[in-house]
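Working notes, structure below.
Note: hydrogens, waters and symmetry copies are ignored here, and every other heavy atom, side chains too, is used. Residue numbers begin at 1 in each chain, while the letters A, B, ... track the order of the sequences.
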Protein chains: 2
Amino acid sequence: MSNMKYSRQRKAIIDFLATRTDHPTADIVYINMRKEFPKISLGTVYRNLSLLVEIGEAIKVPCNDEAEHFDGCTLKHYHFQCNRCGAVLDLHISDMDSLQDLNKIANADFDGNIEGNSIFFYGKCRNCVKELEKKSKVKNEDQKI
Amino acid sequence: MSNMKYSRQRKAIIDFLATRTDHPTADIVYINMRKEFPKISLGTVYRNLSLLVEIGEAIKVPCNDEAEHFDGCTLKHYHFQCNRCGAVLDLHISDMDSLQDLNKIANADFDGNIEGNSIFFYGKCRNCVKELEKKSKVKNEDQKI
DNA sequence: CTTCTTGCAAATAGTTTGCATATAG
DNA sequence: CTATATGCAAACTATTTGCAAGAAG
């Protein structure tokens, strides 16, 4: 990994991920890169994203979507996906203590070695909660996302 | 969903899922169905699997694999994936109390509505732990999975 | 110069779908 | 009979890869 050369495309992808909190898919990254590099290819985007994951500058967010989501923030945190609009959001839990022993608890009944876990929350995001409130008040209005 | 007709293929898929604890992918189901129905198509397998998921007779196991894994056991339990051999196993946690308040804890700092979570554990399964022990004793032996 | 990176296009893996035929009710 | 299910093949989506040309060190 030390044999990595600088590339403007990679730099742009890193910068882009840093500005986003919504964990874009490779395709979203691609679309945005094309503004600056009209001829960039999806292959380049994928190659760089997995390279960044390999060297720890990004993580793949495990969520139950068809497509992989990428996160430029590698600090430990949890993720949430809205099952109405599909947005993937960060979740910062202040009371982490409750989660500390999760692996230990799970290992108690498991014949093997548990090394980690990934927790994924789902529900309705703030916007969708609002939308739904509106809809229940004005029932004859069409659904707008 | 009440307009569902009986089919021998669907029955066989349900029975097959019930006998397996390792959460097969659609492809594995397909391969096994071909023993009884040599001309069954992957399309039929996929159609039935998603139908079963819809009516709650099976669940999609959320794991970070390329392919979807299906589980015939719809009772609440957790999953584990071995990051050496890729096996997906069930995890039965007896001390569930610790997990009860997870949504509540997460919701405390979240602007929206958390409805559920999925926890996925990873590490080394029993077999791989054994294999690795063997390897560290007999270092000149090749890796056998 | 040598190695890494890119753009392009073709390949791949998993899954879905249109359609004519077969089967259940 | 009528509606649902099947087999088959083609379509589709996300991702990966081979290769010749371009940029970095």
Side-chain angles (χ1 to χ4, degrees), chain A residues 1-17 22-55 57-71 81 86-88, chain B residues 1-17 22-55 57-71 81 86-88:
Chain A
M1 274 318 111
S2 55
N3 43 359
M4 228 176 77
K5 288 186 180 175
Y6 172 87
S7 101
R8 296 196 300 131
Q9 288 87 335
R10 176 151 56 231
K11 175 69 164 54
I13 291 175
I14 295 171
D15 290 349
F16 175 70
L17 280 186
D22 67 339
H23 315 84
T25 59
D27 209 65
I28 301 286
V29 174
Y30 172 61
I31 289 167
N32 280 275
M33 284 307 104
R34 271 200 306 195
K35 294 172 187 167
E36 191 178 347
F37 305 92
K39 325 194 74 179
I40 198 173
S41 76
L42 249 180
T44 299
V45 171
Y46 275 105
R47 270 185 291 236
N48 277 308
L49 284 175
S50 36
L51 207 153
L52 292 178
V53 169
E54 250 182 86
I55 65 175
E57 296 233 357
I59 56 174
K60 288 188 181 182
V61 179
C63 61
N64 310 340
D65 238 2
E66 336 73 53
E68 209 73 62
H69 291 250
F70 293 87
D71 187 349
Q81 187 166 32
V88 176
Chain B
M1 278 315 115
S2 54
N3 43 359
M4 228 175 77
K5 289 187 178 173
Y6 173 86
S7 101
R8 297 196 299 132
Q9 288 87 334
R10 185 180 308 130
K11 175 68 164 54
I13 291 175
I14 295 172
D15 290 349
F16 175 71
L17 279 187
D22 67 340
H23 315 84
T25 59
D27 209 64
I28 301 286
V29 175
Y30 172 60
I31 290 167
N32 280 275
M33 285 306 103
R34 271 200 305 194
K35 294 173 188 167
E36 191 178 347
F37 304 92
K39 323 194 74 178
I40 198 172
S41 77
L42 249 179
T44 298
V45 171
Y46 274 106
R47 268 184 292 235
N48 277 308
L49 284 174
S50 36
L51 207 152
L52 294 178
V53 169
E54 250 181 88
I55 65 175
E57 296 233 357
I59 55 173
K60 287 187 181 183
V61 180
C63 64
N64 309 341
D65 238 3
E66 336 73 53
E68 210 73 63
H69 291 249
F70 293 88
D71 187 350
Q81 186 165 33
V88 176

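Distance alone, capped at 3.5 Å, places no donor-acceptor pair between the B:Thr44 side chain and the B:Ile40 backbone. Side chain of A:His23 to main chain of A:Phe70: no donor-acceptor pair is present (N/O by atom type, distance under 3.5 Å, no hydrogens or angles).
For B:Glu36 and D:dG7, the CD to P distance is 12 Å, given to the nearest whole Å. Per the geometry, CG belonging to A:Asn48 stands 15 Å off P belonging to D:dT17, to the nearest Å. The interatomic distance linking A:Phe37 (CZ) with C:dT5 (P) rounds to 15 Å, in whole Å. To the nearest angstrom, P of D:dT4 lies 17 Å from CG of B:Leu52. Between the C1' atom of C:dT5 and the NZ atom of A:Lys11 lies a distance of 17 Å, rounded to the nearest Å. Between the CD atom of A:Glu54 and the C1' atom of D:dT15 there is a distance of 15 Å, given to the nearest Å. Straight-line distance from the CD1 atom of A:Ile55 to the P atom of C:dC4: 15 Å, rounded to whole Å. One interatomic measurement links the two molecules: CD1 of B:Ile28 to P of C:dG14, which rounds to 10 Å at whole-angstrom precision.
More than 12 heavy atoms of other shown residues, nucleotides or ligands fall within 6.0 angstrom of atom CZ in A:Arg34.
Comparing atom distances between the B:Ile40 side chain and each of C:dT5, C:dC4, D:dG7 picks out D:dG7 as nearest. Candidate nucleotides C:dC8, C:dT16, D:dT6 were compared by shortest atom distance to the side chain of B:Tyr46, and C:dT16 ranks first. Closest to the side chain of A:Glu68, out of C:dG7, D:dT15, C:dT5, is D:dT15. Ranking C:dT6, C:dT15, C:dC8 by closeness to the A:Thr44 side chain, first place goes to C:dT6. Closest contact between the side chain of A:Met4 and the listed nucleotides D:dT15, C:dT5, D:dG7 involves C:dT5.
Nearer to the 5' terminus of DNA chain C, by closest-nucleotide assignment, is the contact made by A:Gln9 (compared with the other of A:Gln9 and B:Ala26). Mapped onto DNA chain C by nearest heavy atom, A:Tyr6 and B:Leu42 fall at different nucleotides, with A:Tyr6 at the one closer to the 5' end.
On a pure distance criterion of 3.5 Å, a polar donor-acceptor pair joins the side chain of B:Lys5 and the base of D:dA3. Scanning atom types as modelled, one donor and one acceptor separated by under 3.5 angstrom connect the side chain of B:Arg47 and the base of C:dG18.
When heavy atoms are screened at a 4.0 angstrom cut-off, A:Asp27 is found touching no nucleic acid atom at all.
Not one side-chain nitrogen or oxygen of B:Lys39 sits closer than 4.0 Å to the OP1 or OP2 atom of D:dT6. OP1 and OP2 of C:dT5 both lie 4.0 Å or more from every side-chain N or O belonging to A:Asn3. Contact between the side-chain N/O atoms of B:Ser7 and the OP1/OP2 oxygens of D:dT4 is not found at any separation under 4.0 Å.
Here the rule is side-chain hydrogen bond (donor to acceptor under 3.5 Å, both in side chains) with B:Asn48, and of B:Glu57, B:Arg10, B:Lys11 only B:Arg10 fits it.
Scanning all heavy atoms of the two residues, the minimum distance from B:Val45 to B:Ala26 falls at CG1-O, 3.7 Å.
Once rounded to the nearest 0.5 Å, the distance linking CD of A:Gln9 with CE of A:Met33 reads 10.0 Å.
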